[in-house]
Amino acid sequence: NDEYIFKNINIEIEKNTHNIIVGPNGSGKSTLLGLLAGILYPESGKIYSYEETFGYIGPVPLIFSETLKYNLTYGNENEILDDEIITICRDFNLFNKVEAETLQLTINNKNLSSGQMQKIAFIRAILLNPDVLFLDEATSNLDTNSKKKVFEILKKKNITIINATHDPTSFDEVSSYFRISFVDDKRFIDKV
């Protein structure tokens, strides 16, 4: 696209805070996350980060037709003990019962609910132990109790969360709100 999405923006996000980004459909929330994550590059300007490890959870989780363990540890180079995986699966209430054998179950996007797939994406990201976690409508498939549980677990991790959402009222303990708005086909980001 030859059209600039953002011009002259300047935002600062503090470490270990939960930050919400809101705006109408097509306003550039996902693009902003991509820029902050270093997946997209600005044509001009700079993005500074003092963190090294990033996690991302989108609205449609990546689920392989593979074992549960494979799905939970995909992309992770850290050595993770089965007991740690089992504990976090239990914390997330992923299944009614999680035992060592559960990790060897073959799963796919047809035998899981959308909420279970989303929980798998969160567990995968937490096992990565990121400094910053980018959420792009990542809780849209979770019920209220699951959403609350996810953020209780994330709060204990002391990570920076940058959360693009259409439903900002469903989150407690938010540090900052950033709103993307349009004025004459130009986008602006205001801290609310």
Side-chain angles (χ1 to χ4, degrees), residues 11-22 29-30 32-33 36-37 49-63 68-76 78-100 102-103 105 107 109 112-179 191-192:
I11 63 173
E12 190 172 305
I13 296 172
E14 293 182 33
K15 184 175 180 162
N16 299 334
T17 59
H18 181 188
N19 304 273
I20 299 269
I21 299 172
V22 295
K29 295 183 296 295
S30 297
L32 182 59
L33 289 183
L36 294 172
S49 175
Y50 301 99
E51 302 298 346
E52 295 181 14
T53 311
F54 301 94
Y56 171 85
I57 303 170
V60 181
L62 178 63
I63 301 294
L68 175 61
K69 182 176 180 178
Y70 179 89
N71 275 278
L72 293 172
T73 58
Y74 174 76
N76 197 328
N78 302 322
E79 184 178 334
I80 305 166
L81 301 176
D82 285 358
D83 287 344
E84 182 181 354
I85 299 170
I86 290 167
T87 298
I88 196 166
C89 287
R90 288 176 181 164
D91 289 346
F92 271 84
N93 300 318
L94 182 59
F95 298 116
N96 290 335
K97 185 177 180 183
V98 180
E99 304 296 334
T102 312
L103 298 181
L105 290 175
I107 63 167
N109 61 359
L112 296 170
S113 71
S114 58
Q116 287 171 317
M117 289 189 285
Q118 208 68 41
K119 288 178 183 180
I120 288 170
F122 272 98
I123 294 168
R124 182 187 301 143
I126 288 172
L127 289 172
L128 184 62
N129 201 24
D131 300 314
V132 179
L133 184 58
F134 296 99
L135 306 179
D136 191 355
E137 297 294 346
T139 59
S140 58
N141 293 321
L142 297 177
D143 61 47
T144 304
N145 290 335
S146 295
K147 219 181 275 194
K148 186 175 183 177
K149 185 69 170 167
V150 164
F151 277 89
E152 284 173 7
I153 293 168
L154 289 176
K155 184 178 179 185
K156 292 176 187 172
K157 295 291 180 185
N158 283 332
I159 60 178
T160 304
I161 300 169
I162 303 173
N163 185 357
T165 180
H166 284 100
D167 186 18
T169 59
S170 65
F171 301 99
D172 297 328
E173 300 185 42
V174 175
S175 305
S176 298
Y177 288 90
F178 296 94
R179 182 183 60 226
K191 190 171 183 178
V192 186

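- Contact of the Asn141 side chain with the Met117 side chain is not registered, since no non-hydrogen atoms from C-beta on lie closer than 4.5 Å.
- By the salt bridge (Lys or Arg N to Asp or Glu O under 4.0 Å) test, Glu152 is found to be paired with no residue, residues two or more places apart in sequence or in another chain being considered.
- To the nearest 0.5 Å, atom CD1 of residue Ile13 and atom OG of residue Ser176 are 8.0 Å apart.
- Rounded to the nearest 0.5 Å, atoms CD (Glu137) and CD1 (Ile57) are 13.0 Å apart.
- Annotation for Ala164 and Leu33: closest pair CB-CD1, 3.7 Å, computed over non-hydrogen atoms.
- Listed by chain and number, the residues in a side chain to side chain donor-acceptor pair (under 3.5 Å) with Asn71 amount to none (sequence neighbours excluded).
- Nearest heavy atoms, Ser113 versus Gln116: N-OE1, 2.9 Å.
- Residues meeting the side chain to side chain donor-acceptor pair (under 3.5 Å) test with Lys155, sequence neighbours left out: Glu173.
- Residues Lys29 and His166 have side chains in contact (heavy-atom distance under 4.5 Å, counting atoms from C-beta outward).
- For Phe171, the CZ atom counts as densely surrounded, since its 6.0 Å shell holds more than 12 non-hydrogen atoms of other residues, nucleotides or ligands.
- Note: Leu133 CG to Glu51 CD = 12.5 Å, rounded to the nearest 0.5 Å.
- Using a 4.5 Å cut-off on side-chain heavy atoms (C-beta onward), Phe54 and Leu36 make no contact.
- Taking the side chain as every heavy atom from C-beta outward, Asp131 and Ser49 never approach each other to under 4.5 Å.
- Shown here for Ala121 and Pro61, the closest heavy-atom pair between the two residues is CB-CB, 4.0 Å.
- Rounded to the nearest 0.5 angstrom, Leu81 CG and Glu84 CD are separated by 6.5 Å.
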Ile85 and Ile80: CA distance, side-chain angles, deciding distance, side-chain contact (heavy atoms from CB on, under 4.5 Å) verdict: CA-CA 7 Å; Ile85 299 170; Ile80 305 166; 3.5 Å; yes
Evaluation steps, side-chain contact (heavy atoms from CB on, under 4.5 Å), between Leu112 and Phe95: CA-CA 10 Å; Leu112 296 170; Phe95 298 116; 4.0 Å; yes
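- With Thr160 contributing its side chain and Val132 its backbone, the two residues share no donor-acceptor pair below 3.5 Å.
- In this structure, CD1 in Ile120 is found 5.5 Å from CG in Leu68, a value given to the nearest 0.5 Å.
- Judged by distance alone, with hydrogens and angles left aside, the side-chain atoms of Lys119 form a donor-acceptor pair with the main-chain N or O of Asn93 at under 3.5 Å.
- Between the side chain of Arg179 and the backbone N or O of Val192, no donor-acceptor pair lies under 3.5 Å.
- Applying the side chain to side chain donor-acceptor pair (under 3.5 Å) criterion to Asp82, with sequence neighbours excluded, gives Lys69.
- In this structure, Cys89 and Ile123 have side chains that are in contact, with non-hydrogen atoms separated by less than 4.5 Å.
- A search for salt bridge (Lys or Arg N to Asp or Glu O under 4.0 Å) contacts involving Lys147 returns Asp167, not counting sequence neighbours.
- Between His18 and Phe151, the two ring planes are parallel [angle under 30°; tilted spans 30° to 60°].
- Using a 4.5 Å heavy-atom threshold, the side chains of Ile153 and Phe92 count as touching.
- The nearest pair of heavy atoms linking Asn78 to Leu127 is ND2-O, 4.0 Å.
- In this structure Thr73 satisfies the side chain to side chain donor-acceptor pair (under 3.5 Å) test with no other residue, sequence neighbours excluded.
- Counted by atom type alone, Asp143 and Asn145 present zero donor-acceptor pairs between their side chains at under 3.5 Å.
- A donor and an acceptor atom, one from each side chain of Asn19 and Thr17, are located under 3.5 Å apart.
- No side-chain heavy atom of Tyr70 sits less than 4.5 Å from a side-chain heavy atom of Ile107.
- Here the shortest heavy-atom pairing between Asp136 and Ser30 reads OD2-OG, 2.6 Å.
- Judged purely by atom type and a 3.5 angstrom limit, Arg124 uses its side chain to pair as donor or acceptor with the backbone of Leu62.
- Nearest heavy atoms, Gly58 versus Gln118: O-NE2, 2.9 Å.
- Contact of the Thr102 side chain with the Ile86 side chain is not registered, since no non-hydrogen atoms from C-beta on lie closer than 4.5 Å.
- How far CG of Leu103 is from CG of Leu72: 7.5 Å, rounded to the nearest 0.5 Å.
- Between the side chain of Asn163 and the main chain of Ile21, no donor-acceptor pair closer than 3.5 Å is present.
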Trace of the side-chain contact (heavy atoms from CB on, under 4.5 Å) decision for Leu32 with Phe134: CA-CA 10 Å; Leu32 182 59; Phe134 296 99; over 6 Å; no
